[in-house]
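Order of listing sets the numbers, starting from 1, for every ligand and every atom in it.
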Amino acid sequence: MPVYRTASDAETIALGARLAPDLPRGVVLLIGNLGAGKTTLAKGIASGLGAAAPDEVSSPTFTLIHEYGGGLVYHIDLYRLEEERELATLGLEEILDRDAVVLIEWGERFPRLLPARRTEIHLRTVAEDEREIEVRFVTPDGGIR
Ligand SMILES: Nc1ncnc2c1ncn2[C@@H]1O[C@H](COP(=O)(O)OP(=O)(O)O)[C@@H](O)[C@H]1O
Ligand SMILES: [Mg+2]
């Protein structure tokens, strides 16, 4: 499981762009506290996939879902979602049926809704501007590589 360190938001964007081509389609959970850099990393991933420029990617805090690159990338933030059943109204299932990279912040709040095969990117705040970022490819048997 690769672990990376970044020392600025620009470095996190650059890392996201570098990781993007190796991310499988499907759910990519961005896991970390408020301010850990989840949205910042999403900017890099969307730009690395050619779906949007980093400045075009903003936090989907209120609309919950943003779509970039004509359905190539979805960016979802479930922070404000209170109940699992509200997810149905978002059309998440339909999105997961598409051949898209689906970036989700706070998706780990709803573990039952997560596909067994998914990518998890864990972000930890090490110091004010330093982040540790770890990529885990989770397989249906519960394995991680
Ligand atoms: N190395 C870093 N990587 C990402 N963000 C950083 C880093 N250092 C400082 N920051 C700051 O931390 C904040 C991260 O915000 P954001 O990406 O919205 O976090 P989240 O979506 O996890 O709540 C921004 O204000 C950003 O400028
Ligand atoms: Mg965010």
Looking only at side-chain N and O atoms, does R98 offer a donor or acceptor that is under 3.5 Å from a partner on Y74? yes
Quick one, W106 and L30 - any side-chain contact, counting heavy atoms below 4.5 Å? no
Residue and atom names of protein N/O/S atoms that fall under 2.8 Å from the Mg ion (ligand 2): T39 OG1, E105 OE1
What distance separates R5 CZ from R131 CZ, expressed to the nearest 0.5 Å? 11.5 Å
Below 4.5 Å, heavy atoms only, C-beta onward: do E105 and H75 meet side chain to side chain? yes
Which of these passes side-chain contact (heavy atoms from CB on, under 4.5 Å) with I45: V57, I121, V73? I121
Do the side chains of Y79 and L64 get nearer than 4.5 Å, heavy atoms only? no
Write down, by chain and number, every protein residue that brings a non-hydrogen atom to less than 4.0 Å from an atom of ligand 1. T6, A7, S8, D9, T12, N33, L34, G35, A36, G37, K38, T39, T40, E105, E128, D129, R131
According to a 4.5 Å side-chain heavy-atom criterion applied to Ile, Leu, Val, Met, Phe, Trp and Tyr, with indirect links allowed, do V27 and L41 form part of one hydrophobic cluster? no
In terms of hydrophobic clustering (I, L, V, M, F, W, Y; side-chain heavy atoms under 4.5 Å; direct or indirect links), are I76 and L72 co-clustered? no
With P60, which of I104, L78, L103, D77 fulfils side-chain contact (heavy atoms from CB on, under 4.5 Å)? D77
